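Encoded as structure tokens, the structure appears first; notes follow it.
Values in this document were obtained by computation on a predicted structure and should not be read as measured data. Below, chains carry the letters A, B, ... as their sequence lines are ordered, and counting in each starts from 1.
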Amino acid sequence: MSFLEYAPAPESTALLNLQSEYGLFINGEFVAGSDPTFSTISPATEKHIATIAQASSADVDAAVKAARTAYDTTWSRLSGRDRGKYLFRIARLVQERARELAVAESLDNGKPIKESRDVDVPLVAAWFFYYAGWADKLDHAGVGPNPRALGVAAQVIPWNFPLLMLAWKIAPALAAGNTVVLKPAETTPLTALLFAEIVQQAGLPAGVVNIVTGAGETGRALVNHPDVNKVAFTGSTSVGREIARSLAGTSKKLTLELGGKGANIVFDDAPIDQAIEGIVRGIFFNQGHVCCAGSRLLVQENIHDEVVERLKTRLGTLRVGDPLDKNTDVGAINSAEQLQRIRTLSDIGEAEGAERWSPACDLPENGFWFAPTIFTNVSTSSRIARDEIFGPVLSILSFRTPAEAIAKANNTPYGLSAGIWSDKGSKILAVADKLRAGVIWANTFNQFDPSSPFGGYKESGYGREGGKQGLAAYLAPAAFGSSPTALPVSTSSALEGADK
Amino acid sequence: MTTEQAVRPDSAVTKDHAVSPASRAVEVLGGELTEQSLKRYLAGIPGVDAVGLHARAADLGSRSIKTTSKAWALDRIISLIDLTTLEGADTPGKVRSLVAKGLTPDAGDLSCPRVAAVCVYGDMVPAAVEALGVFHGENVEGGINVAAVATAFPSGRASLAVKLADTADAVAAGADEIDMVIDRGAFLSGRYGQVFDEIVAVKEACRRVDGSYAHLKVILETGELNTYDNVRRASWLAILAGGDFIKTSTGKVAPAATLPVTLLMLEVVRDWHRLTGEKIGVKPAGGIRTSKDAIKYLVTVAETAGEEWLQPHLFRFGASSLLNDVLLQRQKLASGHYSGADYVTID
């Protein structure tokens, strides 16, 4: 046996204390759903993990009512300092239960334990700590003095970073004084339900956080519920469009964080070894299930061949397999459906004349797996250069001049992320200035911090999450003549009154 | 090679000078070798992003090496150690004790592998050679090498003549390996040609009467070079001049070996191999004291240069206290429980 075939180092699941069945978390308690239950499985083994309740529109209504009551009777009356205390408590509980949450996340989502342990869960805690600090400083959020909360927020999140996306949504909403009803993705509800336990542990007033599980229908019922004041959605552009359409003409505020086709631009004066790492991190992090993934690699023509050769060598050392093994670099694809999409698009890429390459790697028999793949000779018009694949598939294009790099990078309906690799600071600033993307990384990729706003241009959505901007998305300027401590009725009815 | 050729005034920075036509440099740079051509070549090497380098090193350091992999790693670490004593207070007795430890690291377990070499000051080479007796040299079954630090180690502040005499003296006394230091002052002030010529000259001083050469390890003293760009350039320079190994540190300057700096040097030898097919060794030295740390280095070697680098010809640990920690871990792996410092011998 060679040293590089490291002996198995699996993270123990012994500390996971899962229920066999989970209900909906409404008004501080787990209750049964009205619709038939569904099963959540581990994408690495296809084994059943737990039975999950499905929320009907009546259940969603109950959850929104609970959130409304909690907003009117407790949460909107608490001082910012007191709301902050609850958020700090949640942040500390996340840290205390970090290992358990990481194991659950890897089990349910298929992402490698080293990512859930070192990236997802620490960021979740960081997000709650960050917004806990904001709760009593809302005057400085950028919407003027004495800003108001919006009311009840309906939040729908995707399966790629289940717990982290939950934190991105819940932490700023609660800090700003809103109550929430959140729907986790159908394939990854587990950590949201563990989070519900943390909410109970933290003693959060009943109804401030409600979690309803289910599929698209549940989400539709939630965002279209008439007593919701704010909708926040992260997911595909097609669903985002549908939500925008159905919300048009209502008083609901909306933020959308949708797809992307990020360009990772490598100039010939880049720090080459770190650029290779950045390319790998940009597209193979979380199996490429990242909306801001650097899925289009733009390499300067004169170093194209060298970069591809170095990248291939590096990909040869990636370890694909059991997400719970501490040495795994690339885990399982989240669902059979997603795997099918990745396969289809990759086949189209090949059919359209691009050259496909994957390192030799043994994939497990059960579960959903896709080897890290790169495509060279990709033309800008190819589907794999335009469509979001949302998998471990990299399309490599070349460019000759900075102007061409900028033109190619911007030539996409999306505009979420981009990366620039160069040792020349002036070039980085000049290029970044011309890129139409919400997040631009220089000499790094896929770095997140709660203080940094995140969001997209064009079909990647609107609104920002993170930072002060992410907080403002859950606030409205003070109503004329009213003081924030004496808000007698719900904000929604006030807004509706104004509309009439 | 004459002394005058390498000793130059500072004004040499602006004027161009021919440098020693070391065969590797001639082949890779082509044309006539001059200080300017050397400078231009080194300046053309891509830069290093420190944040990215640290992130990659941290990532490699998080590998989890368990059970059979750990057992293999512990044995391999021992066989890659240059067991070192470099103190002003060293005595022939201490060196004899060091040699005994190197030959029989764990008296309670004779299956324990031997170290790669013992590393001493030049004047202690005869003592080490004598103590090793029939086990002197890697070509003997079960033999280990004698490495000597030379060239006015650790500061390198002496004339070239003294440095060359220091080297030749150690080689004549039986040293199999020479650990030289580069002139950091010359390097930092941009006199690359001087550093280059010195390495070439020291390499020549490693020549034995039979025409063979003692292995040359070139110590960059990365703690004094300050930037990763400098470390990368110095690594290329040392290889171009003929070094068999590039070594991080003397152990007398902090920081000594770190994982990022070793990773960077491994990337250089990997690139050199890609360019020429030739394999150069890497030796992190100083500051590696625990098995846990040493295993991180093994992982970094295997995933950067390749697993074939994990052999004494291509990778060494310069360490004194590391061996005992590895022995404790080894005993724990075999017996299932930890013993203690009294169950391993002090050198």
**Request:** Give me the contact list for residues 45-52 of chain B versus chain A, heavy atoms only, anything under 4.5 Å, ordered by residue number.
**Result:** Pro46(B), Gly47(B), Val48(B), Asp49(B), Gly52(B)

**Prompt:** Which bit of Asn327(A) is near chain B, if near means a heavy-atom gap under 4.5 Å: side chain, backbone, both or neither?
**Reply:** both

**Straight-line distance of Asp273(A) CG to Leu266(B) CG, nearest 0.5 Å** = 11.0 Å

**Set of residues satisfying side chain to side chain donor-acceptor pair (under 3.5 Å) with respect to Arg99(A), sequence neighbours excluded** = Glu11(A)

**Prompt:** Between Asp325(A) and Lys66(B), is there a salt bridge with N-O shorter than 4.0 Å?
**Reply:** no

**Spacing of CD belonging to Glu303(B) relative to OG1 belonging to Thr317(A), to within rounding of 0.5 Å** = 5.5 Å

**Prompt:** If you count heavy-atom pairs under 4.5 Å with chain B, which of Asn443(A), Asp118(A), Asp268(A), Asp269(A) comes out on top?
**Reply:** Asn443(A)

**Asked** Should we count CD of Gln447(A) as having more than 12 external heavy atoms under 6.0 Å?
**Response** yes

**Message:** How long is the straight-line distance from OG1 of Thr68(B) back to CZ of Phe3(A), given to the nearest 0.5 Å?
**Reply:** 10.5 Å

**Message:** Less than 4.5 Å to any heavy atom of chain A: does that hold for the side chain of Arg56(B), its backbone, both, or neither?
**Reply:** side chain

**Item:** Part of Ala270(A) within contact of chain B (heavy atom distance under 4.5 Å)
**Value:** backbone

**Message:** With a 4.5 Å cut-off on side-chain heavy atoms, are Arg270(B) and Thr313(A) touching?
**Reply:** no

**Prompt:** Is Arg289(B) atom CZ crowded by more than 12 heavy atoms from other residues, nucleotides or ligands, each under 6.0 Å away?
**Reply:** no

**Prompt:** Is it the case that more than 12 heavy atoms not belonging to Lys424(A) sit under 6.0 Å from its NZ atom?
**Reply:** no

**Message:** Within the 4.5 Å heavy-atom criterion, are Arg310(A) and Asp271(B) side-chain neighbours or not?
**Reply:** yes

**CZ on Arg274(B) to CD on Glu306(A), rounded to 0.5 Å** = 7.0 Å

**Request:** Evaluate the criterion side chain to side chain contact (heavy atoms under 4.5 Å, CB included) for residue pair Glu5(A) and Glu307(B); output intermediate values, then yes/no.
**Result:** CA-CA 11 Å; Glu5(A) 287 166 37; Glu307(B) 203 175 328; over 6 Å; no

**Interface moiety of Thr444(A) toward chain B, non-hydrogen atoms closer than 4.5 Å** = neither

**Prompt:** Is there a donor-acceptor pair closer than 3.5 Å between any side-chain N or O of Ser69(B) and the backbone N or O of Ala7(A)?
**Reply:** yes

**Message:** Between Leu264(B) and chain A, with a heavy-atom cut-off of 4.5 Å, which part of the residue counts as in contact: side chain, backbone, both or neither?
**Reply:** neither

**Message:** Tell me whether Asp59(B) is salt-bridged to Arg281(A), with the criterion being a basic N under 4.0 Å from an acidic carboxylate O.
**Reply:** no

